[in-house]
Amino acid sequence: MYVCGVTVYDYCHIGHARAGIVFDVIYRYLQYAGYEVTFVRNYTDIDDKIINRANQEGTDYRTIADRYIAAFDEDMDRLGLKKPTLEPKATDHIDDIIAIIKQLIANGHAYEAAGDVYFAVETFDDYLKLSKRNLEDMQAGARVEVDERKRNPMDFALWKGSKPGEPWWQSPWGQGRPGWHIECSAMSMRFLGPSFDIHGGGKDLVFPHHENEIAQSECANGCQFVKYWLHNGFVNINSEKMSKSLGNFFTIREVLELFDPEVLRFFILQAHYRSPLDYSDQNLREAQAGLTRIYEALAALDEALAGPAGNGTATPTLAELQDKAQQLLPRFKEAMDDDFNTAQALGVIFDLVRTLNRYLAEAGAPDAAGRQALTAIRDAFAEIGQVLGLFHSTPAHWLAQREADKAAQLTITPAEIEALIAERAQARTDKNFKRSDEIRDQLLASNIQLLDTPQGTSWKVK
RNA sequence: GGCGACGUAGCCAAGUGGUAAGGCAGAGGUCUGCAAAACCUUUAUUCAGCGGUUCAAAUCCGCUCGUCGCCUCCA
């Protein structure tokens, strides 16, 4: 499997996070399903945008590329992505790139023009087969500037002669650097061969990037390039694509200031990978609430298992729980087998959570049969969590963490809270409810939510 | 202008021919001195609109409206 990584010239935004997480889950699921997966994800570390950035900062392209490679690695690591099998860099494969270009020139699919080399799109009958367009229509509406050196305006650069001051490599066509697209053909071919199973990337790469990869690779090798193309949908802001040019993007770093990485992952997996996904604070908060609901159920499950076994009183929900426990993994697999439908898979989990909560409320201390079902559920969750990259925290820790997040914004000290709680407890004993309610309201104004239980009063930040 | 995708409850979102998953919010209940929290239950005779095919349509076909994307760098 080959997935287009990033061109390293800036920090990654949520769109990159989505692509990363989507293909991370696909990678994990394929392995879970028993496939041996070689996963290649590249860094494109030479490109116009990198050079521009370097010029702006008065440094060289290498400095920029290395900085943002490190930033990418850090971001993806925080998002909990498994490392791909291989993460090659374009600049380590200049020889491979040159070899492919030579081959394309030799068999008539490419031509040299004043130090540049272009791919001749008209020589490839299948051009645009992926995006289902045709050359005539494309040219009719084309915004491409006419370049006299090109035979057809749609021809694209395989090799670009370098201008003074630009980084360059020696080639049969003089000093220059690879065009965008060719590096992915070179690296996928190097590590996966001329033909491989899955190629992924964002929807915006369908044209021109992947279309051009197909043209280069199939013309060079004379065989089918890729069996299955997978493209993730965009992350939108107010129904509009998040993009650099619109300036409406959030970096991964910014979002992780506000939300746990697992919340972001959960949010992304709540939609099918091909659908558009609307990013907003509100939607992230809802995702956090949903994920916390699952953790709360797991915490209750852990607590029930930690306690003593019950006396075997039958509860009406036990049979349903046993059934759902047994069906959990098969239903999860069914959802994932259907084009990696993570939204459906999460629905299966919530469905189980509902039954689980009901059972725990009814059973109190579960009997042997109940404990067996609960243990099976916990094991299944561990398995599912492994595939989705979720549920890594212990439930108690997750819930404590959410409390800690909120406590960080507190304007009142725990000691003060405890003192007021003690005063309120006395007032309640004295049946002075006016005063006790006053204290409750006062604390609520400071964002403190009191939790009255038979065992006494505790509190949490609202 | 060309090509393509999408339109499911207040919001988010599964569902590609067999009679609408799930989440958030809302409502009711349990609990409570009253509340809150928590938990439980519940919430779309209906899937943008109009026609058609079919025993059967959110799912297939046609048209209309709306939103978005690609055609230029983009995950």
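- Residues passing the ring-ring contact (aromatic ring centres under 6.0 Å, His included) test with A:F39, sequence neighbours excluded: A:Y27.
- Look at B:rC3: its Watson-Crick or wobble partner, with both distances under 3.5 angstrom, is B:rG69.
- Remark: A:N341, A:A343, A:Q344, A:G347, A:F350, A:R354 in residues 338-354 of chain A come within less than 4.0 Å of RNA chain B through at least one heavy atom.
- For the contact set between residues 424-446 of chain A and RNA chain B, defined by any heavy atom under 4.0 Å, the members are A:R424, A:R428, A:F433, A:S436, A:D437, A:R440.
- Nearest-nucleotide positions on RNA chain B for A:T7 and A:A297 put A:A297 closer to the 5' end.
- Distance check on atom P: B:rG22 versus B:rG62 gives 33 Å, rounded to whole Å.
- Toward the 5' end of RNA chain B, the nearer of the two residues A:S243 and A:S131, judged by each one's closest nucleotide, is A:S131.
- The gap from the P atom of B:rC11 to that of B:rU32 amounts to 38 Å, rounded to the nearest Å.
- For B:rG17 and B:rC60, the C1' atoms lie 8 Å apart once the distance is rounded to whole Å.
- Take A:Y68 and apply the ring-ring contact (aromatic ring centres under 6.0 Å, His included) test, not counting sequence neighbours, and it matches A:Y11.
- Residue A:G5 is classed as a sugar-phosphate contact, given heavy-atom separations below 4.0 Å to backbone atoms only.
- You'll find that the side chain of A:R133 is closest to B:rC71, out of B:rC12, B:rC71, B:rC39.
- The side chain of A:A361 lies closest to B:rC39, out of B:rA75, B:rA37, B:rC39.
- When heavy atoms are screened at a 4.0 angstrom cut-off, A:Q282 is found touching no nucleic acid atom at all.
- OP1 and OP2 of B:rU32 both lie 4.0 Å or more from every side-chain N or O belonging to A:T453.
- Considering only side-chain atoms of A:P208, the nucleotide from B:rA75, B:rC73, B:rC11 that sits closest is B:rC73.
- Between A:R358 and B:rU41 there is a side-chain polar atom (N or O) within less than 4.0 angstrom of OP1 or OP2.
- Residue pairs that meet the salt bridge (Lys or Arg N to Asp or Glu O under 4.0 Å) test with at least one member in residues 200-215 of chain A, sequence neighbours left out, are A:D204-A:K241.
- Side-chain atoms of A:V6 lie closest to B:rA75 of the nucleotides B:rA75, B:rC73, B:rA38.
- Residue A:V206 is out of contact with every strand shown, counting any heavy-atom pair closer than 4.0 Å.
- Considering only side-chain N and O atoms, A:N357 lies under 4.0 angstrom from the phosphate OP1 or OP2 of B:rC40.
- For B:rC70, the OP1/OP2 oxygens have a side-chain nitrogen or oxygen of A:K241 closer than 4.0 Å.
- The gap from the C1' atom of B:rU16 to that of B:rC47 amounts to 13 Å, rounded to the nearest Å.
- Residues forming a salt bridge (Lys or Arg N to Asp or Glu O under 4.0 Å) with A:R285 (at least two apart in sequence, or on another chain): A:D281.
- Within residues 260-272 of chain A, the residues approached by RNA chain B to less than 4.0 Å at the level of any non-hydrogen atom are A:Q270, A:A271, A:H272, in residue-number order.
- Pairs passing the ring-ring contact (aromatic ring centres under 6.0 Å, His included) check and including a residue from residues 437-462 of chain A, sequence neighbours excluded, do not occur.
- Here A:F191 pairs with A:H93 under the ring-ring contact (aromatic ring centres under 6.0 Å, His included) rule; sequence neighbours left out.
- Sequence neighbours left out, the pairs with a member in residues 257-286 of chain A that pass ring-ring contact (aromatic ring centres under 6.0 Å, His included) are A:F250-A:Y279.
- A:L450 comes within 4.0 angstrom of a nucleotide base, judged by non-hydrogen atoms across all strands.
- The C1' atoms of B:rA44 and B:rG26 are separated by 15 Å, rounded to the nearest whole Å.
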Got a list of side-chain donor-acceptor pairs under 3.5 Å for residues 393-400 of chain A, not counting sequence neighbours?
unit_1: A:T394; atom_1: OG1; unit_2: A:H397; atom_2: N; d: 3.3
unit_1: A:W398; atom_1: NE1; unit_2: A:T292; atom_2: OG1; d: 3.3

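- Going from atom OG1 of A:T457 over to atom CG of A:L451 covers 8.5 Å, rounded to the nearest 0.5 Å.
- At most 12 heavy atoms of other shown residues, nucleotides or ligands fall within 6.0 angstrom of atom NZ in A:K163.
- Nucleotide B:rG17 is matched to nothing when pairs are restricted to Watson-Crick or G-U wobble geometry with both distances under 3.5 angstrom.
- Residues A:I21 and A:L269 form a side-chain contact, since some pair of their non-hydrogen atoms from C-beta on lies under 4.5 Å apart.
- Applying the ring-ring contact (aromatic ring centres under 6.0 Å, His included) test to A:F391 and every residue at least two apart in sequence or in another chain returns A:F381.
- A donor N or O paired with an acceptor N or O is found under 3.5 Å between the base of B:rA35 and the side-chain atoms of A:D452.
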